Amino acid sequence: MAIRWIVTDMDGTLLNEQDRISEATVQYLTACQKKGIRLVLASGRSFVRLMPYVRELQMEQYQGILIEVNGLAVNRLGTGERTVFAQLEERDVRRLASFLKEQDTEVEGYRDDTLYYWIPEWQREYKIREREERGYPQSHPLAADAWSWIAKDDFSHNYPNLIEVSSVDEFPGRLNKINCADTPERIEEIYAKLKEHFPKDYEIVRTCPRQIETAPRGITKGRTLKRLMEEEGIGRDEVLVFGDGENDIDMFHQVTHSIAMGNAAAYVKEHAAEITEGNGEEGLLKALKRYRLL
């Protein structure tokens, strides 16, 4: 059966290490959309951080769809209709943020256009050193990204409101998700503690070696993708899904053609039907070409 949808994660999958989509990949995906194949971006990011890529890929013109914040919201770009299914409520924010603070790790609270973050003192020296080594000004925010102690850019085009707090009690009472950022070794330890302490309360996933994301229970990329496929009458074998993180595994289970990136962790690859090259080697584009969509 012909492929009707291409569904892709962003960080570590569609995006290279510079947070860009290669020109060749942009051209190929645009051609696929012109042919009638729908493009779906499924990300931990909200629409605010996805819109620059939406415009680059001309997704509004071709009725593309965003699965935002690990399935928390759906944005139908052709009509502008956006549906939010759930958020972390005040009780959730307080217990999660407090627990993570006790682990002495960076705690990040996300709204659509706002990032709140709390930094433990032991991390601050690493962040300041990295900021100096990169030649960034002292005004450069110390919030971590998915891959290092501080973000490669100042986040201003992603989060117009970037707020460092002195206490997690300053987090607002409603958030899309709560992340923590740390060394890969400590992330594994914290992940185990989160799963033990909140076994059935939240969706807890390792999106990359330095980051854990925590979302409302029942909110996953896979469940939201399944909902969309059922609404649109799309079959399991009509969809290509690409991903590299634990939050992509549930999407893999919804389709026949699931493709893990070469840079994905082993516990992600074992759930995919196929493995392609890494995101720094245009692995997504190479896999698309093997399917001969054009």
Side-chain angles (χ1 to χ4, degrees), residues 10-12 15-20 43-53 68-70 88 92-191 193-194 204-215 245 247:
M10 296 296 289
D11 296 275
L15 302 180
N16 61 24
E17 295 174 355
Q18 289 73 46
D19 279 352
R20 296 189 179 96
S43 176
R45 304 183 182 207
S46 73
F47 73 93
V48 177
R49 295 190 67 196
L50 292 173
M51 288 309 294
Y53 304 109
E68 304 175 36
V69 197
N70 295 325
L88 293 172
D92 306 307
V93 172
R94 300 299 164 226
R95 67 198 299 233
L96 280 168
S98 296
F99 182 84
L100 289 171
K101 182 183 177 182
E102 290 175 2
Q103 311 311 310
D104 212 24
T105 186
E106 180 172 349
V107 187
E108 301 172 336
Y110 291 80
R111 280 186 172 177
D112 294 340
D113 62 354
T114 305
L115 169 60
Y116 301 86
Y117 64 102
W118 176 83
I119 299 173
E121 283 307 309
W122 74 269
Q123 285 191 10
R124 193 173 296 274
E125 63 178 288
Y126 293 97
K127 291 171 174 288
I128 291 173
R129 184 186 309 153
E130 188 168 298
R131 183 170 64 184
E132 291 173 350
E133 289 172 350
R134 293 184 180 182
Y136 294 159
Q138 289 190 0
S139 60
H140 187 98
L142 295 177
D145 69 7
W147 311 103
S148 59
W149 287 116
I150 61 173
K152 298 184 185 73
D153 55 48
D154 65 5
F155 269 3
S156 62
H157 67 285
N158 294 323
Y159 296 105
N161 304 305
L162 188 64
I163 303 171
E164 181 176 0
V165 299
S166 59
S167 167
V168 294
D169 293 335
E170 297 175 44
F171 282 6
R174 177 173 288 189
L175 293 169
N176 290 341
K177 62 179 179 178
I178 290 180
N179 291 5
C180 70
D182 216 303
T183 66
E185 295 76 21
R186 279 178 48 83
I187 282 295
E188 289 303 315
E189 295 173 7
I190 295 167
Y191 176 77
K193 290 179 180 179
L194 278 167
I204 303 167
V205 292
R206 295 160 290 185
T207 51
C208 74
R210 297 181 64 94
Q211 190 175 73
I212 298 169
E213 298 195 1
T214 309
N247 56 342

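The model shown is predicted, which means the values in this text are computed figures rather than measured ones.
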Is the count of non-hydrogen atoms from other residues, nucleotides or ligands lying under 6.0 Å from E17 atom CD greater than 12? no

Does this structure show an ion pair linking R186 with D104, if we count only N-O contacts that are shorter than 4.0 Å? no

Between R124 and E164, is the closest basic N to carboxylate O distance under 4.0 Å? yes

Between [atom1] of [X] and [atom2] of [Y], what distance do you get to the nearest 0.5 Å?
X: H140; Y: I150; atom1: NE2; atom2: CD1; result: 4.5 Å
X: I212; Y: I178; atom1: CD1; atom2: CD1; result: 12.5 Å
X: L194; Y: R206; atom1: CG; atom2: CZ; result: 11.0 Å
X: I119; Y: Y126; atom1: CD1; atom2: OH; result: 14.5 Å
X: K177; Y: E108; atom1: NZ; atom2: CD; result: 8.5 Å
X: S43; Y: L50; atom1: OG; atom2: CG; result: 4.5 Å

For [X] versus [Y], what's the shortest heavy-atom pair and its separation?
X: L88; Y: A215; result: CD2-C, 4.0 Å
X: Y116; Y: V165; result: CD2-CG1, 4.4 Å
X: V93; Y: P172; result: CG1-O, 3.5 Å
X: P137; Y: R131; result: O-CD, 3.4 Å
X: P52; Y: V48; result: CD-O, 3.8 Å
X: R210; Y: A146; result: CB-O, 3.7 Å

Main-chain N/O of [Y] paired with [X] side-chain donor or acceptor, under 3.5 Å:
X: K127; Y: W149; answer: yes
X: Q123; Y: A144; answer: no
X: E188; Y: P184; answer: no

D11, N70, D112 screened by side chain to side chain contact (heavy atoms under 4.5 Å, CB included) with R45, the one that passes: D11

The residue among D182, V168, I190 that forms side chain to side chain contact (heavy atoms under 4.5 Å, CB included) with L100 is I190

I'd like to check [X] versus [Y] (side-chain heavy atoms, cut-off strictly below 4.5 Å). Are they in contact?
X: E106; Y: L142; value: no
X: Q211; Y: W147; value: no
X: F99; Y: K193; value: yes
X: R111; Y: L175; value: yes
X: Y117; Y: N179; value: no

Derivation of the side-chain contact (heavy atoms from CB on, under 4.5 Å) call for C180 and T214: CA-CA 9 Å; C180 70; T214 309; over 6 Å; no

For residues E213 and N247, is any side-chain donor paired with an opposing acceptor at under 3.5 Å? no

Residue pair E125, R129: steps toward the salt bridge (Lys or Arg N to Asp or Glu O under 4.0 Å) verdict: CA-CA 6 Å; E125 63 178 288; R129 184 186 309 153; 3.6 Å; yes

